[in-house]
Peer 1: 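Below you'll find the structure I mean.
As the structure lists them, so they are numbered: ligands from 1, and atoms in each ligand from 1. All values below come from the heavy atoms of this structure, side chains included, with hydrogens, waters and symmetry mates left out.
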Amino acid sequence: MTNMTEQLIKITQQVNDFENKYHREPASVQLLIVSKNQPIEKIAKAFEAGQHAFGESYLQEALPKVAALPAIEWHFIGPLQSNKTRKIAEHFSWVHSVDSEKIATRLNEQRPPHLPPLNVCIQVNVSEEATKSGLKISEIASLANICMQLPHLRLRGLMTIPRPSHDFAKQREEFHKLLVLWQALRKQYFSLDTLSMGMSNDFEAAIAEGSTLVRIGHAFWEE
Ligand SMILES: *Cc1c(COP(=O)(O)O)cnc(C)c1O
């Protein structure tokens, strides 16, 4: 077995263990491996080991990787600027960080018509920190409504990056806020199926609070 296969088995096992521990359905949490700062050769090995979805945060870094490994399902998870939307709409399957009408509209207009709709999540700032990207809680409903009208976008759910904390109870508290918002939104839009929350240091708390997609970087790559 290659190293990469072992690492993939290890992280998948952890996700499965947390599903069991918190009475989640088996396989209800999807694994997104975050490949920023990782070279193409290592990503290719992880793909060969069976991982199909990878996330990138910086467009310039991501484009050569996407070109080299087109069979991967690529997710854009980083900060969005207007001048980056075209390439993102052309080269990614998912965008987790939509946080304004302007960005949503541009992604919709720039999505090539021969591709399936771009899967998007609205990024929410649950900690309501001034410095962090993401929408205020009060702004979610209106952006969700806009995304639902855009034919080349498919709104899948909500995403958050909470204020980092080593306290498990505090981590759960922040993720619980996003869970409540997501459940409320799903009463209106039944098709929403994605709660993108949890990274290397807090994915247990995220799974406990209903995450359906964890974004794991260093816990996967570091041996
Ligand atoms: C880098 C990054 C991750 C992965 O972080 P780790 O702590 O390495 O697991 C997840 N989500 C986003 C948005 C990131 O930028």
Side-chain angles (χ1 to χ4, degrees), residues 4 7-18 29-40 42-43 46-47 51-63 65-66 72-81 84-85 88 91-100 103 107 118-129 131-135 140 156-168 170-172 174-175 177-179 181-182 194-223:
M4 211 54 94
Q7 279 160 246
L8 193 56
I9 289 170
K10 189 187 87 185
I11 201 88
T12 305
Q13 190 58 53
Q14 285 175 332
V15 169
N16 293 346
D17 289 346
F18 293 144
V29 182
Q30 196 196 327
L31 177 63
L32 180 70
I33 294 294
V34 177
S35 49
K36 63 170 183 246
N37 303 324
Q38 298 297 330
I40 289 172
K42 283 182 85 175
I43 302 169
F47 179 62
Q51 174 63 26
H52 82 287
F54 291 81
E56 287 282 335
S57 299
Y58 307 105
L59 182 64
Q60 293 317 317
E61 182 194 334
L63 286 175
K65 299 178 180 178
V66 175
I72 283 177
E73 179 184 281
W74 289 103
H75 294 230
F76 191 82
I77 60 173
L80 285 163
Q81 289 136 15
K84 304 277 169 65
T85 52
I88 291 170
H91 296 289
F92 286 80
S93 298
W94 282 70
V95 178
H96 291 236
S97 42
V98 173
D99 63 356
S100 73
I103 293 290
L107 288 171
L118 183 63
N119 297 292
V120 300
C121 291
I122 293 174
Q123 184 174 351
V124 181
N125 181 355
V126 283
S127 312
E128 305 236 308
E129 290 169 274
T131 51
K132 276 266 185 74
S133 50
L135 277 189
I140 301 169
R156 300 294 293 266
L158 300 178
M159 179 274 224
T160 198
I161 310 171
R163 183 190 297 135
S165 166
H166 292 290
D167 177 347
F168 186 69
K170 281 221 176 64
Q171 292 176 356
R172 282 193 68 158
E174 298 292 90
F175 289 136
K177 291 185 200 166
L178 197 70
L179 173 66
L181 295 164
W182 183 68
T194 303
L195 190 51
S196 168
M197 58 186 197
M199 321 201 314
S200 295
N201 293 329
D202 57 14
F203 70 102
E204 176 172 358
I207 291 172
E209 293 297 340
S211 169
T212 72
L213 185 154
V214 290
R215 308 178 309 268
I216 306 293
H218 69 262
F220 172 74
W221 299 104
E222 282 163 20
E223 286 146 55

Peer 1: Quickly, which of Leu158, Val95, Asp99 forms a side-chain contact (heavy atoms from CB on, under 4.5 Å) with Ile122? Name it, please.
Peer 2: Leu158
Peer 1: For atom 6 (P) of ligand 1, which of Gly198, Pro79, Gly78, Ser200 has the closest heavy atom?
Peer 2: Ser200
Peer 1: Give me the residue, atom name and distance of the protein heavy atom closest to atom 12 (C) of ligand 1.
Peer 2: Ile77 CD1, 3.5 Å
Peer 1: Ring-plane angle category for Trp94 and His75, please: parallel below 30°, perpendicular beyond 60°, tilted otherwise.
Peer 2: parallel
Peer 1: Does the side chain of Glu56 come under 3.5 Å of the side chain of Ser35 through a donor N or O and an acceptor N or O?
Peer 2: yes
Peer 1: Within a strict 4.5 Å, meaning less than it, do heavy atoms of the Phe220 and Leu31 side chains meet?
Peer 2: no
Peer 1: With a 4.0 Å cut-off on heavy atoms, is Ser57 touching ligand 1?
Peer 2: yes
Peer 1: Specify the protein heavy atom at minimum distance from atom 10 (C) of ligand 1: its residue, its atom name, and the distance to 0.1 Å.
Peer 2: Met199 SD, 3.2 Å
Peer 1: At a non-hydrogen distance cut-off of under 4.0 Å, which region of Ile161 contacts ligand 1 (side chain, backbone, both, or neither)?
Peer 2: side chain
Peer 1: Are side-chain heavy atoms of Trp221 and Asn37 found at a separation under 4.5 Å?
Peer 2: no
Peer 1: Using the six-membered ring wherever Trp is involved, compare the ring planes of Phe203 and Phe18 and label them parallel, tilted or perpendicular (cut-offs 30° and 60°).
Peer 2: perpendicular
Peer 1: If we set the cut-off at 4.0 Å for heavy atoms, which region of Ile216 has an atom near ligand 1: side chain, backbone, both, or neither?
Peer 2: backbone
Peer 1: What protein heavy atom lies closest to atom 2 (C) of ligand 1? Include the residue and the distance to one decimal.
Peer 2: Lys36 NZ, 2.6 Å
Peer 1: Give the residue, atom name and distance (to 0.1 Å) of the protein heavy atom nearest atom 11 (N) of ligand 1.
Peer 2: Arg215 NE, 2.9 Å
